[in-house]
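Inspection log for the structure reproduced underneath, given as structure tokens.
Side chains included, hydrogens not; waters and symmetry mates left out as well; all remaining heavy atoms used.
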Amino acid sequence: MSPGAYAERVNGQVRMSETYLNGTRIYFFGGDRELATVSTKAKMFRLARCGATLVPEYNPDIVTHIVIDDNIVSLHHLLENISVKRLSKVPGHIPILKWPWATTDNTKKHFRIHAAFATRRNSVDAIDYDPDINPIVPPAPKKGKEHAAPNPEVTNSSGEQMVGNPSAKSPREASSSSSRGLEDEEASFEKQRVSSKPRANSDPANENNVGEDPLAEFYAQARTERDQEVQENLGDGNKATNLHAENGNKSHSSGSRFLCDGVRTSAGQCPNQDVIDKLSELKKIHEQRLMTGDNFRVLKYSTAINALRAYPKRIRSTEEAMSLNGVAKKTAEKIMEIIRTGDLQRLHHERAVSDDIRVIELFQGIYGVGRQIAHRWYNAGCRTLDDLREGKGGVKLSSVQQIGLQYYDDINSRMPRAEAEEIFNKIKPFALKIDSKLYVDIMGSFRRGKADCGDIDIIITRPTDDGRNHSGVLSKLLKDLRIAGIITEDLSIPDDWSDLELCYRGLCRKDSDSRRRRIDFLVIPWESRGAALLYYTGDDIFNRSMRLKANKMGYSLNQKGLFAGVVRDPQDRTRKLNQGTNIASATEREIFDKLGVPWQEPHERVRGFS
DNA sequence: GTGCAGGACCT
DNA sequence: AGGTCC
DNA sequence: GCAC
Ligand SMILES: O=c1ccn([C@H]2C[C@H](O)[C@@H](COP(=O)(O)OP(=O)(O)OP(=O)(O)O)O2)c(=O)[nH]1
Ligand SMILES: [Mg+2]
């Protein structure tokens, strides 16, 4: 559900428990556009409980206040969301306020204290605004009737009128709970969970019990709404049946400063598998989110999961959990909740609110569909894979996505290690028949010794000591493999087939009775084989850690080699201004050495497995 | 409070 | 240039 | 969400 849709819903259904926002018509922006996050929903819910009317879409003729989730929403982000070119185009009588403004009872006067943008001028929240000298008042209503009901149904089109200039006061630091953004919301949620009282309400003597408004109440109401929504919104009882597997299988462990330095402790069976499963689910939810901050949560959940995989004992305490590299308080508490209760309430809360998450996850399971496309299709009204096949809502699939859809289940299944090996053993002779001096090997999770593989990663190179190289080999090989019925579909192909460095992605199968499997070929020049092996062996988290370490040491590491003297654009540190000089690339070991990382065998670069 | 890996192909 | 994937 |  979109934030706007939630705003409309909340207006009608939330019962009011406070009145200090009576008469306000608030446009709330939590940084989400297409899917209202739990954070946004909780905040809207609370605004409504305090008497505000939520305006689903920004309209300067209706809105009396704009409230944003500070720390999450940038100026650019907000302007884009409300389709306004410049801050000065927002009428001066509409204050733009940070979330904490709404959490205290004293919302009169002094908007400036909670002003979201200190640079704003000629507005009631400007730093230099003085109502006695130069008052700013809303224009007289053009049409329509008076209307100041506490919780009016916002029909969104009716030009409603302004209710005085609510002016604020009282800074009032962030009272007790949920005031500042996702992280704080989570923190407060955790707190509430731990004290786990279904209690109706806390001490009424508390001067500020609004500040304690438990999210539990929001969740409870949200749950009851969900059922209505399912019926109302889509008469389409067709559930997304197709859930797939993938369960983070990367690994690494705790140890020193960088993960890649890590000390591994692999065991045959992971004693914390239940924790890993739950955290993987949470990770998947963050993978759907459009906001950039969630990428790093995904990264951190990945590292935490890897650390857990490597950990040989059952976790017994928060402190023990926090001893793992990459696990701090928040994750440690989640881990302990799972260990103690076998469950993570946060997951239920996320999913309870609507079916968004299920559907987006379903769509993201299609190869070539990421979060943006998945949300776009959801917005277009699609809810099932069949909707997509029918082009419902005018959605169009790229050719790769069509293949991804056709082989949805195949692509989302992992294959037994033995099958990967069998396929590779069919492929290798074709390569050697083209050139017996080729070096051909299987990389990725297979090289790391995993029991199952998400795909087959094959590296091809060739020594140049005889003055020859492997230019053109891949196109020949693929031709043979297509004839042999092994390669069946292409997903992405090199642009210059004669290059010594190229990358191919496609589907293959062991034989005509077997499932389709993902297959990748990486062709690389002989000189960079060490860096390429390192890269292609992974896992991804290990690579990122090692590259981070290289970066911190003033180097840059990629699949071609380890480079010194790289100068980065200070504005965009990912952009390199020069290429630097290659200081290691021929062997994995020299790269480990130059980075001071203790050597690890490929199978050691796997921690745990399953 | 800031940074988080780095690159290739597709559209 | 943005999106997805490795 | 974590580390510095
Ligand atoms: O974001 C990524 C993804 C992958 N890789 C590297 C490491 C990885 O090991 C290798 C192959 O990628 P793949 O996606 O096949 O991962 P895998 O480790 O082989 O696991 P799976 O069994 O899921 O294929 O490419 C990265 O460096 N960054
Ligand atoms: Mg792989």
Side-chain angles (χ1 to χ4, degrees), chain A residues 71 181-184 186-187 190 250 254 256-260 279 282-283 286-287 289-305 307 322 324-334 363-364 366-376 396-401 404 411 443-445 454-459 490-496 499 501-506 518-524 531-532 534-552 555-563 566 568 570 572-576 579:
Chain A
N71 289 353
L182 227 185
E183 298 190 9
D184 284 35
E186 292 193 18
E190 291 297 323
K250 327 293 180 154
S254 62
S256 3
R257 230 169 132 266
F258 293 91
L259 232 62
C260 52
L279 290 183
L282 193 50
K283 172 183 157 190
H286 285 290
E287 276 171 346
R289 299 248 165 98
L290 299 178
M291 296 214 329
T292 53
D294 285 293
N295 293 326
F296 301 110
R297 291 198 177 85
V298 170
L299 171 62
K300 288 312 181 178
Y301 283 125
S302 298
T303 63
I305 287 165
M322 281 199 289
L324 301 186
N325 204 345
V327 176
K329 190 156 173 291
K330 304 277 270 297
T331 305
E333 283 169 359
K334 291 181 175 74
F363 291 170
Q364 276 187 282
I366 299 170
Y367 187 93
V369 178
R371 15 183 142 185
Q372 302 292 340
I373 306 278
H375 278 81
R376 197 182 302 161
K396 278 270 217 298
L397 310 218
S398 74
S399 56
V400 165
Q401 290 159 352
I411 291 176
M443 313 292 295
S445 48
D455 64 1
I456 302 174
D457 306 291
I458 295 176
I459 195 168
D490 299 334
L491 295 173
S492 103
I493 59 179
D495 33 40
D496 178 4
D499 205 334
E501 174 177 3
L502 26 88
C503 179
Y504 169 87
R505 294 178 188 147
R518 281 274 299 105
I519 187 165
D520 294 344
F521 289 91
L522 192 69
V523 178
I524 48 110
L534 179 61
Y535 157 69
Y536 220 24
T537 300
D539 65 18
D540 52 354
I541 303 302
F542 178 86
N543 287 350
R544 291 172 71 170
S545 167
M546 201 146 168
R547 289 171 179 204
L548 180 63
K549 182 171 189 180
N551 202 316
K552 293 251 156 78
Y555 301 130
S556 173
L557 174 62
N558 61 25
Q559 56 269 54
K560 290 180 165 68
L562 180 63
F563 297 84
V566 173
R568 289 185 151 79
D572 175 11
R573 300 193 7 150
T574 68
R575 170 169 289 131
K576 294 189 284 193
Q579 178 199 314

query = May A:F296 be described as stacking on the base of B:dC4, applying a 5.5 Å centroid limit and a 30° limit on plane angle?
reply =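 Yes, A:F296 stacks on the base of B:dC4, since the ring centres sit under 5.5 Å apart and the planes are within 30°.
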Where the side chain of [X] is defined as all heavy atoms beyond and including C-beta, which of [options] is the nearest nucleotide?
X: A:S399; options: C:dC5, B:dC10, B:dT11; value: B:dT11
X: A:D520; options: C:dC6, D:dA3, B:dG6; value: C:dC6
X: A:D457; options: B:dC9, C:dC6, B:dC4; value: C:dC6
X: A:R505; options: B:dG6, B:dC4, B:dG7; value: B:dG7
X: A:I373; options: B:dG7, C:dC6, C:dG3; value: C:dG3
X: A:K330; options: D:dC2, C:dC6, B:dA8; value: D:dC2

Phosphate OP1/OP2 of [N]: any [X] side-chain N/O under 4.0 Å:
X: A:K549; N: D:dA3; result: no
X: A:R544; N: B:dA5; result: yes
X: A:T331; N: D:dC2; result: yes
X: A:R573; N: B:dG3; result: no
X: A:K576; N: B:dG7; result: yes

Need one value for [X]: base, sugar-phosphate or nothing, where a base atom within 4.0 Å counts as base even if backbone is also close, heavy atoms only.
X: A:N295; result: nothing
X: A:V298; result: nothing
X: A:L522; result: nothing
X: A:R575; result: nothing
X: A:Y535; result: base

task = Starting from P on B:dC4, measure out to CG on A:N551 and report it in whole angstrom.
result =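 A:N551 atom CG is separated from B:dC4 atom P by 7 Å.
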key: Euclidean distance, atom CG of residue A:D540 to atom P of C:dT4 [Å, nearest integer]   =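 Taking atom P of C:dT4 as the reference, CG of A:D540 is at 18 Å.
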request  = Determine whether the side chains of A:K300 and A:T331 contain a donor N or O and an acceptor N or O closer than 3.5 Å.
outcome  =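 Result is no, nothing qualifies.
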